[in-house]
Number of protein chains: 2
Amino acid sequence: MATISDVATRAGVSTATVSRALNGKSTVDPALAARVFAAAAELGYRPNGPARNLRKQETAVLALIIADVENPFFTAIARGVEDVAHAAGYSVVLCNSDDEPEKEREYIDVALQERVAGVLLSPTGDSESVELLDRHATPVVAVDRPLPNTTSDTVLVDSRLAAAEAVQHFADQGYRRVGCLTGPSGVRTADDRLAGYRDGVEATGLPVSEELVRRSEFKAAGAKQAAHSLLTAPDRPDAVLVANNMMAVGVLETCAELGLRPGRDVGVVAFDDAPWATLLDPPLTVVAQPAYDVGAVAAQLLLGRISGERAEATTKTLSAHLVARASSTRQQA
Amino acid sequence: MATISDVATRAGVSTATVSRALNGKSTVDPALAARVFAAAAELGYRPNGPARNLRKQETAVLALIIADVENPFFTAIARGVEDVAHAAGYSVVLCNSDDEPEKEREYIDVALQERVAGVLLSPTGDSESVELLDRHATPVVAVDRPLPNTTSDTVLVDSRLAAAEAVQHFADQGYRRVGCLTGPSGVRTADDRLAGYRDGVEATGLPVSEELVRRSEFKAAGAKQAAHSLLTAPDRPDAVLVANNMMAVGVLETCAELGLRPGRDVGVVAFDDAPWATLLDPPLTVVAQPAYDVGAVAAQLLLGRISGERAEATTKTLSAHLVARASSTRQQA
DNA sequence: ATGAAAGCGCTAACAA
DNA sequence: TTGTTAGCGCTTTCAT
C-alpha cells in the first residue's frame, strides 16, 4: 500500500509538503499542492491511520458501550450518538457489554489501548471499570445510567417520575392493585423505575405489597416467567407496569397464555415505545423515552470534553412521557 | 500515560524484555517476567494500540458495514459476527450505511485508513466502493447481498426460494390473488424476493399482474403507503407477501386502517421473524431468516481469509423457512 | 514556501 | 535469556 513517501517521490516534493498539502495547511504553493493531489489519487494513497494516530497522540473515534444492540432503546441512542459524532468528523465503535461487568471492562480496556478520544458508557453498575477510565484521563459520559461515585457528565431519562405517572394513570383508570415488573437489582434504571412505581403507589393510596413486585433480566424470556408468577398469584394485580419493551413481549405472551386481555383483565403499561405497539390488540400504552436525544446530547457533551472544556460535570435529565393507549383503559369493547 | 519504557525502567529491564514478557513469549526468565508484570500493574500500563498496529502492520479489528442498526435482521447478524470475532480476539466496529452508496464509501474509506484486518459488507449495490477494497487487498466478505462483479466470499439467504414457498403456501390456503410488496429496485434482496414471488405465482398458476407488485424503502413508512395503494386498488389482492419486517409494520397499520383483518380479509406473510409476531392478533406468518448464522458464517470466512487462506471464493447460501401462523390461514375464527 | 530530520511507542531482527 | 537498535508512516519543529 502506498505511503506518504511514495506520493512525495511521485510528486517530486518532500514528505512534509505532501503532509501539509493533504491536510490543507495554508502555506502550500497551489501548483505543488495540485501535483501532490494528483500523485495521491494516481497511487490510491490513503494515509495510514495508526501512524497518524501514533504521531498525533489522538484518534477521532468514540467508543459507545451499551448493554445490547438488539434492544431498540439502545440502537436509537446509537443513532443519536452517531449522527452528532459523524458531523464532527468522529467515528463511533459500538460494543455490547451484555450487562456483564467483565465484558464491559474488556471493552473499556480495548478502548483505552486504542486510545479512543472518548467513551460513552451505559454502565453495568460495576464501579471498577470507571476507575480505569478515570486513571487514564479519558473523557467519559454516562448514558442512561449514572456512573457510581464519579463526577462525569451524565445523560439520563427521568424514568422515576415517568413510572410514578404511569401508576397515577392506572389509578385514574380505576385499577386498584398495581404491580411492577422491573429489571435486575443494581441496574439503576431498574431500581429507578421501581422507586417511581412506589412513589406512585404511595401518592395514589393504592395498596402496597412486596408481592406485587417482580424482577427479571431486561429480556423477554425472564419477564415471561416473572409475569406468570405475578399473574397467577392468589392476590394478583389488576394492572402491571413493565420496565422495558423487551420485557413487555414476555409479559404479553404470558397474558395471552393465561387468557388475560390487556386493558380489560389486566392493565399494562411498558417502558419504551415500539413501532409494533400500535399493532397489538389492544394497542399498548407506553412510556416513550427520548432515546435518540439521549445519544445526541451525550455525544455533544463528550465532544465538548474532548475539545478541552473544563466546566463542572453536568447531568442532563431528559423526560419521558406516557402515551396512553387501550392496554391501560378499562372501558373498552 | 505510561509507556513501555516506563515499565522497563521500573522493572529494571529493557523494553524488549517488557514486550516479550507482556506478549507471553516463551523465552523470558520467570523472575523477570514477574517483575515486569508487577511494574506494569503498578503503572496501570496499557500498550499503545496505534503504536503496536503501526509496527505490526496489522490490526485486530473487523469492520461490519450494514444498512441500519435499527433493523433487527442486521443486529442479529451483528451478534453473530461479534461472537465469532470476539472468540478469535478481534474487535468489531459497526457502521450504518443507511443504504446510501456515499456513506458506504465513506466508511470503507475509514476502514481502509485504519487498516482494519477485514471488512464485512452488506453492499448498497454500488460497485465503486468494492474496487477500493480490492485495490487495497483488504479481505472482504459480502453479507446478505452479493457484491457486484467481484469474486469475494459471500453469505446469502435463499430468499428467492423462500418467497416462492410463501406464495405456494398462500395458494394452499386458498388465496387467489397474491400480491408482493418488496424493497427498492437494485437492492438484491428486494429483487430476489420479487423473483421468488414470481416463481411461486407461475408455479401455482395464480394470476400474474404487475398491478399486484409494489416497491418501497425497507421501512415502515414507505411500506404503509405502498400497501395502501395496493389494497385499495380496484382488483386488490387477497394476500400479500412483504419483503421485510419493518415493512410489515407499515402493511399491518394499513390493514388496520382499512379494516382488513389479516388472514380473513387479506393473507399476510412477511420476511423476518420478530419477537412480537406472535403477539399480534392474528399472529403473523413469517419467513424466518437465520440472521445470526449469516453473521457467524461470514465472520468465519473472513477470519479465514485474514489468516491467509487462498482457496476459491465461496458462496454460502443459508436457507430461510416459513413459520405458518394465523395471518395466512383463512379458516380462522 | 519548502525540506531535513526527529520522534510518537512498539516489535523484531540481530548481537551478545 | 537479554539488550541494542532499526524502523513502521506520519506530523511537526527547525532551518533554509
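Proteins get letters first, then strands, A, B, ... in listed order; numbering begins at 1 in each.
Between Thr17(B) and dT2(D) there is no side-chain polar atom (N or O) within less than 4.0 angstrom of OP1 or OP2. Listed pair Arg52(A) / dT11(D) meets the phosphate criterion, a side-chain N or O lying under 4.0 Å from OP1 or OP2.
Of all heavy-atom pairs spanning Thr15(A) and Ile4(A), the tightest one is O-CD1, 3.7 Å. Between Pro47(B) and Arg115(A) the shortest heavy-atom distance is O-NH1, 3.4 Å.
Residue Asn23(B) is in sugar-phosphate contact alone, with no base atom involved, counting any heavy-atom pair closer than 4.0 Å across all strands shown. Backbone-only engagement by Pro47(A) is indicated by non-hydrogen atom pairs under 4.0 Å involving sugar-phosphate atoms exclusively.
Judged by atom type and distance alone, Arg55(B) does not reach the base of dG9(D) through any side-chain donor-acceptor pair under 3.5 Å. Side-chain N/O atoms of Arg20(B) and base N/O atoms of dG3(D) include a donor-acceptor pair closer than 3.5 Å.
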Exercise for review: In sequence, state the C-alpha distance, the side-chain angles, and the governing distance for Tyr90(A) and Leu303(A), and then conclude on side chain to side chain contact (heavy atoms under 4.5 Å, CB included).
Suggested key: CA-CA 9 Å; Tyr90(A) 282 77; Leu303(A) 257 14; 4.0 Å; yes
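Between its two ends, the helix from dA1(C)-dT16(D) to dA16(C)-dT1(D) turns its axis by 40°, counting five pairs per end and rounding to 10 degrees.
Straight-line distance from the CZ atom of Arg115(A) to the C1' atom of dC10(D): 17 Å, rounded to whole Å. If you take CG of Leu54(B) and P of dC10(D), they are 9 Å apart, rounded to a whole angstrom.
The nearest heavy atom of DNA chain C to Thr27(A) and to Ala16(A) marks one nucleotide each, and the one closer to the 5' end goes with Thr27(A).
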